[in-house]
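Have a look at the structure below, then the notes.
On a predicted model such as this, the values are computed, not experimentally measured, just so you know.
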Amino acid sequence: MSSALTGLLPCPIVQAPMAGGVSVPKLAAAVCEAGGLGFLAAGYKTADGMYQEIKQLRSLTSRPFGVNLFMPHPEYADPAAVGVYAHQLAGEAAWYETELGDPDSGRDDGYDAKLAVLLGNPVPAVSFHFGVPTPEALQALRRAGTVTLVTATCVDEARAAEQAGADAVIVQGVEAGGHQGTHRDLSETDGTGIGLLSLLAQIREAVSLPLVAAGGIMRGSQIAAVLAAGASAAQLGTAFLATDESGAHALHKQALTNPLFVRTELTRAFSGRPARGLVNRFLREHGPYAPAAYPDVHHLTAPLRKAAAKAGDAQGMALWAGQGHRMARAMPAGQLVEVLMGELAAARTTLSNLPAQGGAL
């Protein structure tokens, strides 16, 4: 394992930061205590809310952990397109007896304030989604003793992360659940995502930074595959979403293996940015018409998603999930880390016993 990640990862498993209340301190603590690297998700929280979660996590574990930040989103959406979508969602608001949210509720997710907190109260690792921080910000975090990771969904993004001075790259394949971490959200690139193993190989040849592989990983044998392909560790989200400590809504956890939800899709329906979720009624009805307008659409649909969850209606919730969701296992997070490590060891043994050259197996 490369030096930038040595000490953070007794075992090569990272718990993905999942915003929206999933990656709570007790989940991150359980992963850390089992030898993985747990992450808090600062997205959609205030700077103080993030700080309080960091304090809580530190009371639960003395092991290294990370915090994920959303980069500010500079592109401004077409207000007319957002207005048309709001009109389309009027029926949803009436059905759930709630108002639509204000699409102009903020675009930067409190990034500067959160960065200031993390510089004043350093944590072992900070990862970034939706873009690359400035070289000055990355250098300041390094001086504070923080390892920095930047999500990349293509070779150019990985190169940008390296040039800016990041310590590692999170290689996110198109299989991943939740939001794709693309640095720019361009509707013309919809449907052009690259699978994890292909992307990992391309980025491994393009940059010299350590890589963390993410996207559809649910078993230890898959961790073995990405390690063999050049990753230093694997990042798992959906696998941990189903665990006991996860803060996900019970309906969300159940939906992962519910036969009613047979597949996932990338959609803009809930947030205005491509994100992979289980296909439900809301996604089917509104996904084809949702504009490229993040975070405007996220703010717009927030009351609808909250009302659907309160009503126990999974058909109106954002059920983020990766392509491997049917392989989710409900168990304590620490136990899942142990199971994954056992599967990884078994896979490595199998690989070591394969013939060195071609021939009958």
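Note that the SG atom of Cys32 and the CZ atom of Phe65 stand 7.5 Å from one another [nearest 0.5 Å]. Here the OG1-CG distance, from Thr148 to Leu138, works out to 4.5 Å after rounding to the nearest 0.5 Å. Rounding to the nearest 0.5 Å places CD1 of Ile194 at 4.5 Å from CD of Gln202. Here the CG atom belonging to Leu8 is positioned 9.5 Å from the OG1 atom belonging to Thr146, to the nearest 0.5 angstrom. Put simply, OG1 on Thr267 and CG on Leu283 are 4.0 Å apart, with the number rounded to the nearest 0.5 Å. Atom CD in Glu53 sits 11.0 Å away from atom CG in Asp48 (nearest 0.5 Å).
Annotation: side chain of Arg107 is in contact with side chain of Pro295 (closest heavy-atom distance under 4.5 Å). The shortest distance between side-chain heavy atoms of Asp104 and His299 does not fall below 4.5 Å. Leu57 is not listed as a side-chain neighbour of Val123, based on a closest heavy-atom distance of 4.5 Å or more. Using a 4.5 Å heavy-atom cutoff, the side chains of Lys45 and Leu40 are not in contact. At a threshold of 4.5 Å between non-hydrogen side-chain atoms, the residues Arg219 and Arg329 count as touching. Using a 4.5 Å cut-off on side-chain heavy atoms (C-beta onward), Arg159 and Asp156 make contact. Using a 4.5 Å cut-off on side-chain heavy atoms (C-beta onward), Glu162 and Val169 make no contact. Side-chain contact between Leu340 and Leu344: absent, with no pair of heavy atoms (C-beta onward) separated by less than 4.5 Å.
The main-chain N or O of Ala330 is never found under 3.5 Å from a side-chain atom of Lys253 such that the two would form a donor-acceptor pair. A donor-acceptor pair under 3.5 Å links the side-chain atoms of Arg142 to the main chain of Gly165, judged by distance alone. Side-chain N or O atoms of Ser198 include none that pairs as donor or acceptor with a backbone N or O of Gly195 at under 3.5 Å. With hydrogens and angles ignored, the 3.5 Å screen pairs no side-chain donor or acceptor of Glu99 with any backbone N or O of Pro303. Counting only distance, with no hydrogens or angles, the side chain of Arg268 and the backbone of Ser271 share no donor-acceptor pair below 3.5 Å. The main-chain N or O of Leu304 is never found under 3.5 Å from a side-chain atom of Thr301 such that the two would form a donor-acceptor pair. When atom types are taken as modelled, the side chain of Lys114 and the backbone of Ala42 share a donor-acceptor pair closer than 3.5 angstrom. In terms of modelled atom types and a separation under 3.5 Å, the side chain of Gln56 and the main chain of Pro25 share no donor-acceptor contact. Not one N or O on the side chain of Thr264 forms a donor-acceptor pair closer than 3.5 Å with the backbone of Arg276. Counting only distance, with no hydrogens or angles, the side chain of Asp190 and the backbone of Pro274 share no donor-acceptor pair below 3.5 Å.
Phe240 and Ser246 make their closest contact through O-CB, 3.5 Å (heavy atoms, listed as atom of the first residue, atom of the second, distance). Ala347 and Ala224 make their closest contact through CB-CB, 3.7 Å (heavy atoms, listed as atom of the first residue, atom of the second, distance). The shortest heavy-atom contact between Ala47 and Ala113 is CB-CB, 3.8 Å. Closest heavy-atom contact between Ala333 and Ala30: CB-CB, 3.9 Å. Heavy-atom minimum distance, Asp102 versus Ser105: O-OG, 2.6 Å. The heavy-atom pair separating Pro103 from Leu300 by the smallest distance is CD-CD1, 4.2 Å.
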**Request:** Go through the steps for Met50 and Leu69 under the test side chain to side chain contact (heavy atoms under 4.5 Å, CB included), then give the verdict.
**Result:** CA-CA 10 Å; Met50 177 193 73; Leu69 297 184; 4.0 Å; yes

**Request:** Carefully, step by step, assess Val279 and Arg284 under the rule side chain to side chain contact (heavy atoms under 4.5 Å, CB included).
**Result:** CA-CA 7 Å; Val279 176; Arg284 283 193 302 271; 3.5 Å; yes

**Request:** Carefully, step by step, assess Lys306 and Tyr96 under the rule side chain to side chain contact (heavy atoms under 4.5 Å, CB included).
**Result:** CA-CA 10 Å; Lys306 184 177 180 179; Tyr96 290 116; over 6 Å; no

**Message:** Please evaluate residues Leu141 and Leu115 with respect to the criterion side chain to side chain contact (heavy atoms under 4.5 Å, CB included), reporting the C-alpha separation (whole Å), side-chain torsions for both, the decisive distance (0.1 Å), and the verdict.
**Reply:** CA-CA 9 Å; Leu141 286 166; Leu115 185 60; 4.1 Å; yes

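Both Leu256 and Val22 sit in one connected hydrophobic cluster of ILVMFWY residues. Membership requires side-chain heavy atoms under 4.5 Å apart, directly or through other members. With hydrophobic clusters built from ILVMFWY side chains whose heavy atoms lie under 4.5 angstrom apart, Trp320 does not share a cluster with Val174. At a threshold of 4.5 Å between side-chain heavy atoms, the hydrophobic network of Ile, Leu, Val, Met, Phe, Trp and Tyr places Leu119 and Val132 in one connected group. Note on Val31: it clusters hydrophobically with Val339, by side-chain heavy-atom contacts below 4.5 Å among ILVMFWY residues. Linking ILVMFWY residues whenever their side-chain heavy atoms come closer than 4.5 Å, directly or via other members, leaves Tyr289 and Leu266 in distinct clusters.
By the ring pair (Phe, Tyr, Trp, His ring centres under 6.0 Å) test, His286 pairs with Phe282, sequence neighbours left out.
No option in Leu149, Leu9, Leu200 other than Leu149 meets the side chain to side chain contact (heavy atoms under 4.5 Å, CB included) test with Val212. Between Ile170 and the choices Thr151, Val14, Leu211, the side chain to side chain contact (heavy atoms under 4.5 Å, CB included) rule is met once, by Thr151. Applying side chain to side chain contact (heavy atoms under 4.5 Å, CB included) to Phe261 and the options Gln254, Arg326, Gln315 leaves one that passes, Gln315. The side chain to side chain donor-acceptor pair (under 3.5 Å) test with Arg273 is passed by exactly one of His73, His298, Gln180: His73.
Applying the ring-ring contact (aromatic ring centres under 6.0 Å, His included) definition to pairs two or more places apart or across chains, those involving residues 117-140 are Phe70-Phe130, Phe130-His179, Phe130-Tyr294.
Counting heavy atoms of neighbouring residues, nucleotides and ligands inside a 6.0 Å radius, atom CD of Glu188 exceeds 12 of them.
With no hydrogens or angles considered, no side-chain donor-acceptor pair links Asp296 and Tyr85 at under 3.5 Å.
Here Glu92 pairs with Arg281 in a salt bridge; the nearest charged N to carboxylate O distance falls below 4.0 Å.
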